[in-house]
Amino acid sequence: MPKSTSVPVKKVQKVAKASKPDETVQVQKIVKTSNPDEIVQVLILGAGWTSTFLIPLLEAESIPYAATKRAGSETTIPFLFNPASTDATPYFRLPSASSVLITFPIKGIGGSRNLITLYNQTHPDIRANFIQLGSSSIWPEKTGFANRHTPPDGTIPRVMAEKELLSLGGAVLNLSGLWGGIRNPKNWIARVGSTKEALATKNSLHLVHGIDVSYAILALMRGFTPGERWLLTDLRVYDWWDLANAWGGGGEKATSSSGPQPKWALELMVERGVRSLPRSAELMGRGLDSTEFWTHFGLLPSRPLNF
């Protein structure tokens with residue numbers, strides 16, 4: 001079956017590169033092609049929050065890419081993934097790509113195999129590398145320090161799908177808490193620490209900024225590791241009590257710590273014999289070790305959380 005659907009593909013021809021990762025990139029000329037046989041370097045399945053950081057980086061690096069959304073748009077391809085379907089029709093409208101980034105979660109057995117099989121069947125001209133974005137929540141609380149080799153909870157449907165993708169030669173990048181842009185951790189305190197009792201249950205927090213996620217994705221695409229799972233954090237373990245004490249529940253617009261959360265954090269410290277903040281990862285019961293990713297790919301996180 002021939003591919004005949006017009007595909008919005010972005011091929012950057014001339015770009016003024018940003019001198020800093022978060023600087024606004026001024027794209028001088030972007031050519032959209034409707035050629036369905038265009039080969040791009042990156043196909044983003046599910047252009048959501050991550051793409052708001054990744055696409056500017058791809059454009060700054062002059063990397064041809066295409067992206068999908070469920071309903072599509074002027075700049076994205078309509079693509080609705082059905083993990084149980086073996087119908088190849090939706091895949092014919094996708095361009096051939098060297099790397100396919102799957103940003104949405106696939107759950108259970110069968111979905112990852114169907115996606116990879118159907119894409120490869122409809123794009124025999126190229127053998128794509130598949131990267132699945134996952135979550136660090138697959139390593140439960142109270143597990144001590146976990147790294148990419150620590151066995152995840154195999155009963156989680158996402159883990160089942162990730163293991164299937166790994167067995168087929170794909171790679172998985174498990175991300176810790178995502179922040180940047182519209183996601184500001186200062187806005188989370190009032191929700192997670194709405195009462196003293198709720199705050200008392202909060203322990204460690206692991207984060208990674210969208211800019212660092214984008215550089216990590218690009219590094220994995222360039223140095224693809226088939227069958228490997230990677231864990232990504234900003235190398236730090238944050239303490240919810242520490243953040244609550246520093247920020248309060250006023251959100252990003254607050255000029256100083258406000259609300260009852262700073263006082264609650266102090267009371268909890270006294271009640272539980274905690275002499276200083278932040279608490280250690282050992283005391284909080286869970287830490288994530290992502291040193292292997294940054295060492296292997298020769299990168300460093302650039303956006304730690306400042307407070």
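The first residue of the sequence shown is numbered 1, and numbering continues consecutively from there.
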Pairwise side-chain contact, His123 with Pro95, heavy-atom cut-off 4.5 Å (strictly under):
no
Compute whether any side-chain donor of one residue and acceptor of the other, for Asp289 and Thr291, lie under 3.5 angstrom apart.
yes
Within the 4.5 Å heavy-atom criterion, are Ile44 and Leu58 side-chain neighbours or not?
yes
Salt-bridge present (Glu267, Arg272; N to O < 4.0 Å):
no
In terms of side-chain heavy atoms, does Glu59 have a donor or acceptor partner in Tyr65 at a distance below 3.5 Å?
yes
Does some side-chain heavy atom of Thr122 sit less than 4.5 Å from a side-chain heavy atom of Thr89?
no
Output for pair (Ile182 CD1, Thr52 OG1), nearest 0.5 Å, gives 7.5 Å
So which atom in Asn187 and which in Gly251 form the shortest heavy-atom distance, rounded to 0.1 Å?
OD1-CA, 3.4 Å
Which residue is it: Tyr119, Phe92, Phe104, Tyr91? I am looking for the one with a ring pair (Phe, Tyr, Trp, His ring centres under 6.0 Å) to Phe79.
Tyr91
Does CZ in Arg183 sit with more than 12 non-hydrogen atoms of other residues, nucleotides or ligands closer than 6.0 Å?
yes
Distance in Å, Leu178 CG paired with Phe53 CZ, rounded so as to fall on 0.5 Å steps:
9.0 Å
Does Leu165 form a side-chain contact (heavy atoms from CB on, under 4.5 Å) with Val172? I'd like the steps, not just the answer.
CA-CA 8 Å; Leu165 181 133; Val172 175; 3.9 Å; yes
Apply side-chain contact (heavy atoms from CB on, under 4.5 Å) to Leu231 and Ser136, showing your working.
CA-CA 7 Å; Leu231 169 61; Ser136 63; 4.0 Å; yes
Rounded to the nearest 0.5 Å, the CG atom of Leu218 sits from the CD atom of Gln41 at a distance of 9.0 Å
Does a donor on one side chain and an acceptor on the other come within less than 3.5 Å for Asp125 and Ser96?
yes
Between Ser258 and Trp247: side-chain donor-acceptor atoms closer than 3.5 Å:
no
Distance alone, cut at 3.5 Å: any donor-acceptor contact between the side chains of Ser290 and Thr233?
yes
Please tell me if the side chains of Pro78 and Arg93 come closer than 4.5 Å, counting only heavy atoms from C-beta onward.
yes
Checking the side chain of Thr76 only, and the main-chain atoms of Ala67 only, is there a donor and an acceptor separated by less than 3.5 Å?
no
Taking Pro226's backbone N and O only, do any of them form a donor-acceptor pair with Asn129's side chain (distance below 3.5 Å, no angle check)?
no
Supply the atom-to-atom distance Arg158 CZ to Ile138 CD1, rounded to the nearest 0.5 angstrom.
8.5 Å
Counting only N and O atoms by type, is there a donor-acceptor contact under 3.5 Å from the side chain of Arg113 to the main-chain atoms of Gly111?
no
Do you know which of Ile156, Asn174, Ile106 makes side chain to side chain contact (heavy atoms under 4.5 Å, CB included) with Glu162?
Asn174
What one should report as the nearest heavy-atom pair of Pro140 and Asp153 is CG-CB, 4.3 Å
What do the steps show when you test Thr225 against Trp230 for side chain to side chain donor-acceptor pair (under 3.5 Å), and what is the final call?
CA-CA 10 Å; Thr225 55; Trp230 296 96; 2.8 Å; yes
Flag side-chain contact, heavy atom, 4.5 Å: Leu173 against Gln132:
no
Any side-chain heavy-atom pair of Leu235 and His206 under 4.5 Å
no
Side chains of Asn203 and Arg286: any donor to acceptor distance under 3.5 Å?
no
What heavy-atom pair brings Leu54 and Ser214 nearest, and what distance separates the two atoms?
N-OG, 3.1 Å
Between the side chains of Ser302 and Asp212, does any donor sit under 3.5 Å from an acceptor?
yes
Heavy-atom side-chain proximity of Glu271 to Lys196 below 4.5 angstrom
yes
